[in-house]
Participant: 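Sending over a structure as structure tokens; questions will come in a sec.
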Amino acid sequence: MTENKLPSGHTRIDTLELRGITKRFPGVLANDNVNFEVRSGEVHALLGENGAGKSTLMKILYGLYDPSDGEVFLNGKKITIESPTDAINHGIGMIHQHFMLVETLTVAENVALGLPSSRGFLTDLDKVSQRILELAEIYGLKIDPDAYIWQLSVGQQQRVEIIKALYRGAALLILDEPTAVLTPQEVDEFFIIMRQMVADGHALIFISHKLHEIMDICDRVTVLRDGAKVGTKNVSDITKSELANWMVGREVIMTRDLDEINRGPSRLTLENLACDSDRGTPALRDVSLKIHSGEILGLAGISGNGQRELAEAITGLREVTKGKVILEDEDITHFAPGKITERMLSYIPEERMRDGMIKNFTIAENMVLREHHISPFAEKGFLMLKTIARHSDDLIDKFGVKTPSRETKAGSLSGGNIQKVVLAREISRKPRVIVAAQPTRGLDVGATEYVHAQLLEQRRDGTAILMISEDLDEIMAISDRIAVICEGEIMGIVPRYEATPEKLGLMMAGVVPEEN
Amino acid sequence: MRSRLDSLLDALLPVFATFAALGVGAIMLFILRVSPVEAYGALWEGAFGSTNAMAETLVKATPLLLVGLGICIAFRASVINIGGEGQMIIGGILATQIGLTFTDWPGWLVIFAAMVAGFLGGALWGGIPGFLKAYFRVNEILSTVMMNAIAVQVMNYMLRGPMIDPAQAEKASKIPQTARLLEAFRLPRWAPTRLHAGFLIAVVLAILVYILLWRTTLGYRIRAVGQNPHAARYGGIRVRRHIVTALLLSGAFAGLAGAIQVYGVNYRMITDGSASGFTGSAGFNGIVAALFGQLHPIGTIPASIFFGALLVGANKMQRVVQIPSALITALNGLVVIFVVSSEIWRRRRQRQRLSRDETDDAPPSIAENINTSKEEGSA
């Protein structure tokens with residue numbers, strides 16, 4: 001092995017430099033004269049709030065956007081990147097925040113997609129699988145090459161994305177909020193993989209909102225605000241709260257105390273609930289939970305242990321095979337989703353881009369997705385456009401959605417604003433129960449703070465909230481009680497003041513706590 | 001944010017595309033040693049040159065518009081209805097039967113009942129594939145095409161047997177056609193042209209379809225189901241039921257087109273054994289008109305007139321400059337290709353205009369499935 005080779009056999013990238021990158025969209029300056037440099041053997045964090053221009057910058061580096069101005073230098077030589085193919089040929093790989101996988105194809109097929117086969121017109125999937133297993137071995141990524149993407153959890157899908165990039169010989173990897181979808185344990189494993197890659201000479205660009213992760217894993221950090229670079233520093237030279245203030249440009253509250261609230265009667269009761277996964281295998285076994293008025297029950301667990309199925313079973317989107325869902329005194333087990341909505345159960349879905357909103361509908365139309373057929377938004381089958389408009393303007397204003405107008409297509413909003421739209425819609429109905437799945441996934445510090453404040457306000461108003469999250473910090477921050485799910489079973493419920501990350505971590509791994 | 005200029009450019013794109021298509025057509029005419037100026041002059045003359053020509057254009061546009069309206073509804077629900085031909089036929093048969101049966105009813109009532117019968121017949125013929133798609137996952141492209149074949153055979157059977165003109169039944173020739181409708185049962189005409197009230201009905205319905213799609217909960221649901229069935233289901237919308245509804249309505253408009261063809265133009269049903277003998281291929285051309293009209297009911301009005309004009313004008317052009325009729329078909333095809341391509345270009349421009357982080361899709365588009373963008377093309 002020569003000096004500048006990686007274990008995967010590809011050439012190392014010693015330095016990659018972006019100089020004076022500017023990207024203008026009509027009416028928006030997404031990047032303003034940004035300089036950025038990353039070296040072999042380092043993890044370089046790119047930090048900034050939603051809309052600060054991180055993704056735009058990385059899309060330019062990956063050839064998805066052409067910069068309006070600026071240059072890219074690879075190992076000191078100027079290069080032009082006009083397409084992702086160019087980027088890949090230069091050894092640059094990207095793991096997108098929203099995965100670029102074909103759900104109906106297998107892992108191996110996804111990896112092979114777009115690459116020439118060694119057998120001409122015939123596929124060489126057996127060879128691809130072989131190589132996937134090799135790479136998986138080197139980097140410690142557990143994956144079954146023959147599994148279909150739709151069968152995999154979000155965490156597993158991410159591993160497929162990483163394998164895909166490595167397979168194509170990525171020496172520099174852009175990781176766009178990679179940990180947003182992982183559990184603490186998975187994050188730890190992922191960090192081990194990252195450290196391994198860096199030690200081997202890879203260069204990593206790490207986009208994240210989670211400050212402690214940046215402190216943990218990164219060597220340097222570059223902060224963007226409103227499209228412009230604020231600066232680059234060594235992580236060892238800066239504290240977490242300095243970093244937060246630097247990013248937001250103001251003081252940020254990092255922790256929050258829960259005020260005591262008297263728990264009311266049980267609003268949502270699950271009795272021995274069971275249902276199947278998309279694959280037809282049991283996803284939930286015998287789940288019994290009571291969620292009371294005025295409490296947040298946090299449901300912690302590793303991705304893919306039945307959380308999504310649980311949320312869908314409660315909201316009527318998935319068939320219940322056994323057991324009951326009881327809302328106050330009414331058995332709503334086999335009700336259609338619309339019926340359940342009408343009984344004032346709100347649901348903030350995990351995949352909000354897919355399930356929670358219609359990208360090509362306007363914000364106003366999305367604001368009434370759940371109640372488009374109910375007075376005052378509809379009368380005798382006609383939409384009351386004026387009422388809908390007034391309602392959306394209200395919510396846009398009240399929830400601070402950043403948008404040119406209510407007629408803007410929802411799909412053109414940033415992640416944080418999309419979540420605000422969903423949140424506004426679900427909360428403004430004054431629901432009896434809220435099921436919130438990963439409510440702050442992919443949101444920055446400011447937006448997360450906001451979502452939590454909203455949920456806590458609902459709690460104060462007596463709403464029963466089931467908050468499903470893979471982020472232990474979040475679970476510990478705002479839950480009254482914490483239930484842990486593992487392989488479709490509830491491992492136990494602990495009050496917040498008794499919970500520690502270690503204890504929860506063990507339960508998430510399937511260890512039942514001792515009775516005492 | 002879109003500037004005024006951008007919007008204007010977008011709206012005019014199909015027009016530019018049409019000119020570009022005519023430009024390529026001019027080259028083809030040139031190769032055939034025909035003067036493009038003379039040929040296009042004849043085309044214009046044939047379509048708009050006289051009151052009568054204009055009336056003929058609108059007569060041709062009427063079934064295109066009606067079928068196109070149905071296509072707008074179906075495509076908004078992401079359902080593809082290729083069954084306009086069959087739906088028109090069934091609508092035509094039922095409507096004709098009304099006129100032949102209730103000869104003692106007042107004219108207005110028969111016309112009304114016939115329109116309703118046509119509407120329901122088309123709805124049935126569209127609803128069956130809809131039901132099969134929603135509940136048994138039968139591909140609607142296949143099933144609607146198959147339903148076309150069945151409809152043709154139903155027509156041939158009916159016109160040779162139960163519905164045959166009694167006068168023909170006695171003759172040896174046995175031409176497969178029904179008796180003529182009574183004069184009182186015919187849609188009012190704007191004499192001396194052949195322009196009939198059906199065109200007016202179609203325009204009014206275009207406005208109603210616009211209202212249906214954007215002002216009613218049903219339209220909201222149809223569009224939601226078409227855009228994102230997951231989110232629609234989450235929103236309490238019964239996805240399968242609305243897929244059926246969309247195809248049902250889509251078929252109904254085609255069925256109505258069939259009824260109006262009989263009551264406004266032919267006054268009887270006659271078959272040459274093929275579907276196009278009755279429909280004039282409006283069941284297919286209506287799809288093109290709807291696409292040209294950006295799948296918008298109001299946009300489909302000028303689009304239908306445009307294609308009506310192309311059909312009528314082409315006849316004249318063919319007579320005047322003596323060119324093969326295949327060239328007309330080719331010209332039609334060119335227009336479609338250019339318009340669809342311009343749609344892709346429009347989408348790309350839109351994408352560039354959209355801002356920042358997580359943007360990717362643009363409004364519903366006829367080029368949705370053809371467009372391989374830079375982003376989606378990435379590995």
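We name chains A, B, ... by the order of the sequence lines, and we start the count at 1 in each one.
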Participant: For atom CD of A:E379, decide whether the heavy atoms of other residues, nucleotides or ligands shown that lie under 6.0 angstrom number more than 12.
Facilitator: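 Yes, enclosed.
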Participant: Working to the nearest 0.5 Å, report the span between CD1 of A:I358 and NE2 of B:H230.
Facilitator: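 So the CD1 of A:I358 and the NE2 of B:H230 are separated by 11.5 Å.
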Participant: Is it the backbone or the side chain of B:R223 that comes under 4.5 Å from a heavy atom of chain A, or both, or neither?
Facilitator: both
Participant: Measuring heavy-atom distances to chain B, does A:L317 have an atom under 4.5 Å in its side chain, in its backbone, in both, or in neither?
Facilitator: both
Participant: Mind checking whether A:H373 and B:R221 have side chains closer than 4.5 Å, heavy atoms only?
Facilitator: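 They are in side-chain contact.
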Participant: Around atom OH of B:Y135, are there more than 12 heavy atoms from other residues, nucleotides or ligands closer than 6.0 Å?
Facilitator: yes
Participant: Please classify the contact between A:E426 and chain B as side chain, backbone, both or neither, with a heavy-atom cut-off of under 4.5 Å.
Facilitator: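 Only the side chain of A:E426 comes within 4.5 Å of chain B.
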Participant: If you count heavy-atom pairs under 4.5 Å between each of A:A165, A:A336, A:G356, A:S405 and chain B, which one has the most?
Facilitator: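 Highest number of pairs under 4.5 Å: A:G356.
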Participant: What part of A:Y347 gets closer than 4.5 Å to chain B, counting heavy atoms only: side chain, backbone, both or neither?
Facilitator: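 Both parts, backbone and side chain.
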Participant: If we only count heavy atoms from C-beta on, is the A:N360 to B:Q227 side-chain gap below 4.5 Å?
Facilitator: yes
Participant: B:T216 versus A:L383: any side-chain heavy-atom pair under 4.5 Å?
Facilitator: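 Not in contact.
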Participant: If every non-hydrogen atom of A:L369 is compared with every non-hydrogen atom of B:A231, which pair is closest and at what distance?
Facilitator: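 Scanning both residues completely, I find the closest heavy atoms to be CD2-O, 3.8 Å.
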Participant: May I have the step-by-step check of side-chain contact (heavy atoms from CB on, under 4.5 Å) for B:W214 and A:L385, ending in yes or no?
Facilitator: CA-CA 9 Å; B:W214 278 280; A:L385 295 181; over 6 Å; no
Participant: If you count heavy atoms of other groups shown closer than 6.0 angstrom to CZ of A:R429, is the number above 12?
Facilitator: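 Count over threshold, so yes.
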Participant: State, to 0.1 Å, how close A:M357 and B:N228 come at their nearest heavy-atom pair, and which atoms those are.
Facilitator: O-ND2, 3.1 Å
Participant: Evaluate the side-chain proximity of B:Y234 to A:P337: yes if any heavy-atom separation is below 4.5 Å, no if none is.
Facilitator: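 No, every pair of side-chain atoms sits at 4.5 Å or beyond.
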Participant: In terms of the angle between their ring planes, are A:F361 and B:Y220 parallel, tilted or perpendicular, with boundaries placed at 30° and 60°?
Facilitator: perpendicular
Participant: Sort out for me which of A:K339, A:M384, A:K380, A:H372 touches chain B most, counting heavy-atom pairs under 4.5 Å.
Facilitator: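 The candidate making the most pairs under 4.5 Å is A:H372.
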Participant: Does any backbone or side-chain atom of B:L212 lie under 4.5 Å from a heavy atom of chain A? Answer side chain, backbone, both or neither.
Facilitator: neither
Participant: Between A:R352 and chain B, with a heavy-atom cut-off of 4.5 Å, which part of the residue counts as in contact: side chain, backbone, both or neither?
Facilitator: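 No part of it gets close to chain B.
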Participant: Using non-hydrogen atoms only, which part of A:E351 is less than 4.5 Å away from chain B: side chain, backbone, both, or neither?
Facilitator: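 Neither the backbone nor the side chain of A:E351 comes within 4.5 Å of chain B.
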Participant: For atom CG of A:N89, decide whether the heavy atoms of other residues, nucleotides or ligands shown that lie under 6.0 angstrom number more than 12.
Facilitator: yes
